[in-house]
Number of protein chains: 2
Amino acid sequence: MRMSELSAATGAPVATLKFYLREGVLHPGESLSRTQARYDESHVERVRLIRALMDTGGLSMAATRSVLAAVDDPPPERHELLGVAARALTGDTAPVSDPELTERTWSWIHERGWHIAPDETLVARLTNQVQAARSAGIDVTWERLGQYADAMDRVADADIASVPVDRGEALRYVVVGTVMVDPVLQTLRRLAHQNRSAGSVGKGGPQPRPAATAAVSSSPDQRPETPGQPAR
Amino acid sequence: MRMSELSAATGAPVATLKFYLREGVLHPGESLSRTQARYDESHVERVRLIRALMDTGGLSMAATRSVLAAVDDPPPERHELLGVAARALTGDTAPVSDPELTERTWSWIHERGWHIAPDETLVARLTNQVQAARSAGIDVTWERLGQYADAMDRVADADIASVPVDRGEALRYVVVGTVMVDPVLQTLRRLAHQNRSAGSVGKGGPQPRPAATAAVSSSPDQRPETPGQPAR
DNA sequence: TTGACTTGGAGAGTACTACTCCCCAATATG
DNA sequence: CATATTGGGGAGTAGTACTCTCCAAGTCAA
């Protein structure tokens with residue numbers, strides 16, 4: 001497969017592929033001569049992965065690079081992987097402004113029985129986010145945070161349950177999955193909001209707390225197609 | 001309060017405040033003369049809100065503007081508000097590429113008992129995200145999606161429970177809260193991952209599924225301060 | 001063999017965003 | 001009255017993700 005064919009297979013312009021090569025996010029093809037290189041399925045997958053991480057996952061080029069580096073390198077330690085994905089998605093943490101709030105956040109974590117490494121920067125991030133919410137007039141109480149954390153424990157259960165057994169695959173799955181599922185969760189939250197508020201407006205009433213995990217039927221009823229805004 | 005004082009109170013440079021005024025996200029102060037204007041507490045709050053939405057919420061200037069417009073205008077309808085917040089956070093939806101997947105997404109929504117307006121672009125977004133995850137090698141099954149949606153129903157419960165009763169306040173709360181809580185949830189998911197994987201490495205074992213919502217104690221044990229990367 | 005086309009490599013240019021700087025005349029302020 | 005500040009506005013800057021242009025070397029079809 002030549003570069004123009006790779007371009008056709010992925011939908012990315014040749015100029016963009018060259019750019020990815022220069023940036024080091026796409027591995028070079030097998031060089032046949034000074035002006036010819038062969039690309040294969042691994043390149044197609046890689047380009048698709050890059051675009052998924054950047055477009056849907058919202059990662060920057062730099063963040064994408066470090067995610068890919070994590071995926072490529074031999075797995076250091078299992079809990080390190082999650083750290084890589086976490087850091088890649090949201091740059092470095094700004095220094096914590098409020099030490100008292102940080103301390104209370106740690107207390108909250110302990111009270112809820114979570115085991116978190118004491119140097120974890122995620123806690124600093126959480127503290128900053130809670131503070132930012134407050135400065136925006138949204139008081140995120142500890143109780144509310146607890147409800148959110150309960151929900152995220154369930155999400156983590158689902159995340160972990162779907163990780164493949166294979167070592168090398170697991171690495172890629174955890175890192176990429178962490179990034180790609182974030183926007184899905186965000187959209188589902190919006191839909192859950194819709195569902196709850198539709199009930200007070202519409203006829204039937206919403207599903208307040210469905211317990212069962214529904215499987216999709218093989219007989220989809222006729223649905224009007226979603227129009228979707230044409231241009232961006 | 002003059003502009004330089006507003007700057008001191010918010011930490012935003014005067015040039016930035018002028019920029020916000022030009023961009024229309026900050027309302028002008030009371031004009032005392034051609035070269036003097038008075039700003040008040042409402043301006044301080046507004047600037048803080050702008051910075052929270054942009055820095056923590058990750059909104060662009062344009063998205064921030066539409067969120068603020070939604071907050072300022074008289075509430076159209078309750079379910080409209082959520083739509084505004086949803087749209088503000090993630091631009092317009094790209095056209096759906098796969099109609100079959102869209103249809104299955106709708107079926108899934110129905111099977112789970114959610115009431116969603118049939119023209120909802122969020123469904124298109126969800127479809128695209130699931131497809132993007134697949135093209136990145138992450139197969140988000142309907143069962144897994146169900147687990148995620150269960151968790152998001154709980155999140156939505158917590159969201160709705162904390163909305164104040166006052167009409168005007170509720171508007172602001174829902175829109176801003178939707179935006180500001182997203183990053184919190186993201187961080188909590190990372191922490192939940194940490195907790196689960198720390199158990200297989202550390203000593204005590206993680207809290208697999210804590211049921212109780214813990215309140216924070218008034219006697220926080222001494223915690224080593226989180227260092228945090230100094231520079232960005 | 002020849003001539004159109006493609007390739008890798010690299011520099012420069014573009015579009016967009018969120019500021020940031022600079023200048024001005026008209027006031028405030030000491 | 002001298003100095004400083006203000007609002008207003010245009011222009012400049014830094015960062016990001018491309019996109020374009022050029023080039024000589026190499027490939028392919030006729």
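Excluded from the calculations below are hydrogen atoms, water molecules and symmetry mates; all remaining heavy atoms, backbone and side chain alike, are included. Reminder, nothing fancy here: chain letters follow the sequence lines and each chain counts from 1.
- For the 3.5 Å distance criterion, the side chains of Ser162(A) and Arg144(B) qualify, holding a donor opposite an acceptor.
- A donor-acceptor pair is defined here as one N or O able to donate and one able to accept, closer than 3.5 Å; no such pair exists between the side chain of Arg65(A) and the backbone of Gly24(A).
- Whole-Å rounding puts the Leu17(A) CG to dG9(C) C1' distance at 15 Å.
- Reading DNA chain D from its 5' end, the first and the last nucleotide to sit under 4.0 Å from a heavy atom of chain A are dA17(D) to dT27(D).
- Taking atom CG of Leu21(A) as the reference point, atom C1' of dT7(C) lies 12 Å away to the nearest angstrom.
- Taking the six-membered ring where tryptophan is involved, the planes of Trp114(B) and Trp108(B) are perpendicular, since the angle between them exceeds 60° and thus also 30°.
- Within 4.0 Å (heavy atoms only), Ser4(A) reaches sugar-phosphate atoms of the nucleic acid but no base atom.
- At least one donor-acceptor pair under 3.5 Å links the side chain of Glu5(A) to the backbone N or O of Arg2(A).
- Rounded to whole angstrom, the span from the CE atom of Met3(A) across to the P atom of dA10(C) amounts to 13 Å.
- Between Tyr173(B) and Asp159(B), the side chains place no donor N or O within less than 3.5 Å of an acceptor N or O (distance only, hydrogens not considered).
- Between the Ser7(A) side chain and the Met3(A) main chain, no donor and acceptor come within less than 3.5 Å of each other.
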Is there a side chain to side chain contact (heavy atoms under 4.5 Å, CB included) between Met152(A) and Thr187(B)? Walk through the geometry before answering. CA-CA 9 Å; Met152(A) 288 306 120; Thr187(B) 305; over 6 Å; no
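- The main-chain N or O of Thr10(B) is never found under 3.5 Å from a side-chain atom of Arg51(B) such that the two would form a donor-acceptor pair.
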Treating primed atoms plus P, OP1 and OP2 as sugar-phosphate and everything else as base, which nucleotides of nucleotides 17-30 of chain C get B, S or - for protein heavy atoms under 4.0 Å? -SBBB----BSSS-
